[in-house]
Amino acid sequence: MSVCSAYTTQSLNSTCSISTPAKTHLGFHQKQVVFYRRSSKRGGSGSGSGPCVITCSAGDSQTVVIGLAADSGCGKSTFMRRLTSVFGGAAEPPKGGNPDSNTLISDMTTVICLDDYHSLDRTGRKEKGVTALDPRANDFDLMYEQVKAIKSGVAVDKPIYNHVTGLLDPPELIKPPKILVIEGLHPMFDERVRDLLDFSIYLDISNEVKFAWKIQRDMAERGHSLESIRASIEARKPDFDAYIDPQKKYADAVIEVLPTQLVPDDNEGKVLRVRLIMKEGVKHFSPVYLFDEGSTISWIPCGRKLTCSYPGIKFHYGPDTYFGNEVSILEMDGQFDRLDELIYVESHLSNISTKFYGEVTQQMLKHADFPGSNNGTGLFQTIVGLKIRDLYEQITSGKTAAPLEATKA
Ligand SMILES: Nc1ncnc2c1ncn2[C@@H]1O[C@H](COP(=O)(O)OP(=O)(O)OP(=O)(O)O)[C@@H](O)[C@H]1O
Ligand SMILES: O=C(CO)[C@H](O)[C@H](O)COP(=O)(O)O
């Protein structure tokens, strides 16, 4: 049976036509490959055997590709929820699809989880004695082919790794969105995939904080023991150090999460010191700054306009180098007592790519229940979300310079 018969023009897009070419040039590993183009380049119609080409004339917008790398349990999902909220609309799994799909789709964005490119399922990894972090457990050729196809306006049948069963499920159709986010362990590992990214982010959670978050989630919410959490972190560490952590040198922005320096010897992981490390010279991205671009500034905003209980809040901003690259670093140590007062901090930040005065504060208040909303993780994730919106708008409108943020009150 032709793959085409599984799709109707109506189910895809009213401006699409379906055809089966004699030959496909996409070297996918799966037998049943479905892809479609936005602009009509291939002719032909009707169905037959072999892959199916769906040709669409709808729109000529391009897909902007964003990479988000982090270890498991390091806040990728929370970050994704903040990011998709900036673009508006709820992000949901594909309608009528596999209930265990890892994909989230909203009007503007599609977030795919790179776990779907595991080439070995749970049993396969166990038999071969490799972790999911090991490149040998992942299919980078397929990842590259499919991200490249989506970026150029072609839909793909992407595999699904089922975290409930530990098996690879039948694929799901991913149509080219306006913004594709590839999140997971390895978005910057393979040079070919890396080169497809318009912007990349690495969430760098220090071991102490990772441990504290894991305890909070896996012990409190999933009933794991302290020892099993420790053992799982230890077992992943060699591969994490070898294959995941080195990707941060390629990232355009790194959100580094460390224990606070405001409380001596703190190891609770509740108060955090968070650093937003922003590469200089990245196309369509101009780093955020505090007060005066390029200066080195320490700021304790606590006082008449910002309520701070112990241990207070401290900001730092300045130029630096990171893996040999020039960067600007904005740092926040401590946590907010009253989120509505964040407007005071926001009004001292520049280049935050807001569309109106107070947009950062509004976003933070909207998601006050998300983890990290009272500290630099939530603040910097929100700002990076706004910078990505700005980057998207610049790329699609063909501009190069970042527009100014909303006028300050
Ligand atoms: N900014 C934060 N502050 C405090 N805790 C956090 C923060 N971000 C995440 N966490 C904790 O880490 C847990 C995992 O977060 P999240 O689900 O966003 O991570 P993830 O990287 O998507 O995880 P996984 O890959 O395992 O699904 C949350 O349940 C929460 O306990
Ligand atoms: O690192 C991971 C996700 O980021 C997971 O450990 C990996 O995907 C394997 O999943 P599972 O433990 O459900 O088999």
Side-chain angles (χ1 to χ4, degrees), residues 68-84 91 100 102-104 111-128 130-135 137-139 159-169 181-187 189 201-206 208-222 224 228-229 232-233 235-237 239-240 243-245 247 255-260 268-276 332 334-336 364 367-382 384:
L68 173 68
D71 197 3
S72 157
C74 286
K76 295 186 297 290
S77 312
T78 310
F79 187 8
M80 281 305 105
R81 287 196 290 162
R82 287 191 200 278
L83 176 68
T84 48
D100 296 327
N102 302 305
T103 301
L104 286 174
V111 181
I112 62 172
C113 174
L114 297 180
D115 294 349
D116 289 334
Y117 293 100
H118 289 337
S119 51
L120 296 175
D121 63 13
R122 205 175 280 156
T123 312
R125 293 195 299 272
K126 207 167 177 187
E127 279 168 7
K128 291 218 161 51
V130 294
T131 71
L133 300 91
D134 191 313
N138 295 278
D139 188 342
I160 299 174
Y161 177 72
N162 188 321
H163 281 279
V164 180
T165 60
L167 298 170
L168 285 156
D169 282 353
V181 183
I182 58 169
E183 62 95 357
L185 298 170
H186 304 100
F189 182 83
I201 307 135
Y202 185 91
L203 296 184
D204 189 7
I205 315 299
S206 66
E208 299 93 320
V209 176
K210 205 189 276 189
F211 190 53
W213 287 1
K214 276 256 177 206
I215 290 176
Q216 184 188 317
R217 184 180 72 171
D218 294 353
M219 214 166 144
E221 296 167 23
R222 299 187 180 176
H224 296 184
S228 73
I229 295 168
S232 127
I233 291 181
R236 291 170 74 93
K237 198 163 181 318
D239 283 351
F240 173 79
Y243 308 118
I244 313 304
D245 194 58
Q247 293 175 93
I255 299 180
E256 193 176 81
V257 185
L258 303 152
T260 181
E268 271 190 65
K270 285 210 175 109
V271 183
L272 301 173
R273 174 178 163 232
V274 187
R275 284 156 45 97
L276 175 58
M332 174 183 163
Q335 56 193 33
F336 301 110
M364 291 282 282
H367 302 300
D369 57 330
F370 285 8
S373 287
N374 66 344
N375 63 38
T377 59
L379 176 63
F380 294 160
Q381 286 177 4
T382 301
V384 171

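Position 1 is the first residue of the sequence; numbering continues from there. Order of appearance sets the numbers: ligands from 1, and atoms from 1 within every ligand.
Nearest to atom 14 (O) of ligand 2 among the protein's heavy atoms is Tyr161 OH, 2.6 Å. Ranking protein heavy atoms by distance to atom 8 (O) of ligand 2, first place goes to His118 NE2, 2.7 Å. Of the protein's non-hydrogen atoms, the one nearest atom 3 (C) of ligand 2 is Asp115 OD2, 3.1 Å. The single protein non-hydrogen atom nearest to atom 30 (C) of ligand 1 is Gln216 NE2, 4.0 Å, given as residue, atom name and distance. Nearest protein heavy-atom neighbour of atom 19 (O) of ligand 1: Gly75 N, 2.9 Å. Counting only heavy atoms of the protein, atom 28 (C) of ligand 1 lies nearest to Arg217 CD, 4.3 Å. The closest protein non-hydrogen atom to atom 13 (O) of ligand 2 is His163 ND1, 2.8 Å. Of the protein's non-hydrogen atoms, the one nearest atom 3 (N) of ligand 1 is Trp213 CZ2, 3.3 Å.
Distance check, rounded to the nearest 0.5 Å: CG of Leu167 to NE2 of His118 gives 12.5 Å. One distance of note links CD1 of Ile201 with CG of Leu203; it measures 7.5 Å at 0.5 Å rounding. Annotation: the span from Arg236 atom CZ to Asp134 atom CG amounts to 12.0 Å, rounded to 0.5 Å.
Across all non-hydrogen atoms, the minimal contact from Asn102 to Tyr161 is ND2-O, 2.8 Å. Closest approach of Ile244 to Ala70, counting heavy atoms only: CG2-C, 4.5 Å. Of all heavy-atom pairs spanning Asp121 and Leu168, the tightest one is CB-N, 4.3 Å.
Between the side chain of Arg125 and the main chain of Leu120, a donor-acceptor pair closer than 3.5 Å is present. Here the side chain of Ser206 pairs a donor or acceptor atom with the backbone of Val257 at under 3.5 angstrom.
Atoms of ligand 1 lying under 4.0 Å from any heavy atom of Thr377, numbered from 1 in the order shown and given with element: 1 (N), 2 (C). Those atoms of ligand 1 that come under 4.0 Å of a heavy atom in Thr78, given as number and element, are 16 (P), 18 (O). Of all atoms in ligand 2, listed by their number and element, those nearer than 4.0 Å to a heavy atom of Leu185 are 1 (O), 4 (O). The Arg122 neighbourhood of ligand 2 comprises atoms 11 (P), 13 (O), 14 (O), with distances under 4.0 Å to a heavy atom of that residue. Atom numbering of ligand 2 starts at 1 in the shown order; those under 4.0 Å from a heavy atom of Arg125 are 9 (C), 10 (O), 11 (P), 14 (O). Close approach to Gly372 involves these atoms of ligand 1, each under 4.0 Å from a residue heavy atom: 1 (N), 2 (C), 3 (N). Annotation for ligand 2: atoms under 4.0 Å from non-hydrogen atoms of Ala132 are 7 (C), 9 (C). Which parts of ligand 1 touch Cys74 is read off a 4.0 Å heavy-atom cut-off, strictly below it: atoms 19 (O), 20 (P), 21 (O).
Within the structure, ligand 1 has Gly73 among the residues with a heavy atom less than 4.0 angstrom away.
Scanning His186, Glu183, Arg236 for the heavy atom closest to atom 2 (C) of ligand 2 points to Arg236.
For ligand 1, none of its N or O atoms has an N or O atom of Gln381 under 3.5 Å away.
For the residue pair Ser373 / Arg82, a side-chain donor-acceptor distance below 3.5 Å is found, with atom types taken as modelled.
Counting heavy atoms from C-beta outward, Asp71 and Leu133 have side chains that approach closer than 4.5 Å. The shortest distance between side-chain heavy atoms of Thr84 and Leu104 does not fall below 4.5 Å.
Ring geometry for His186 against Phe189 counts as perpendicular: the plane angle is over 60°, on a 0 to 90° scale with 30° as the lower cut.
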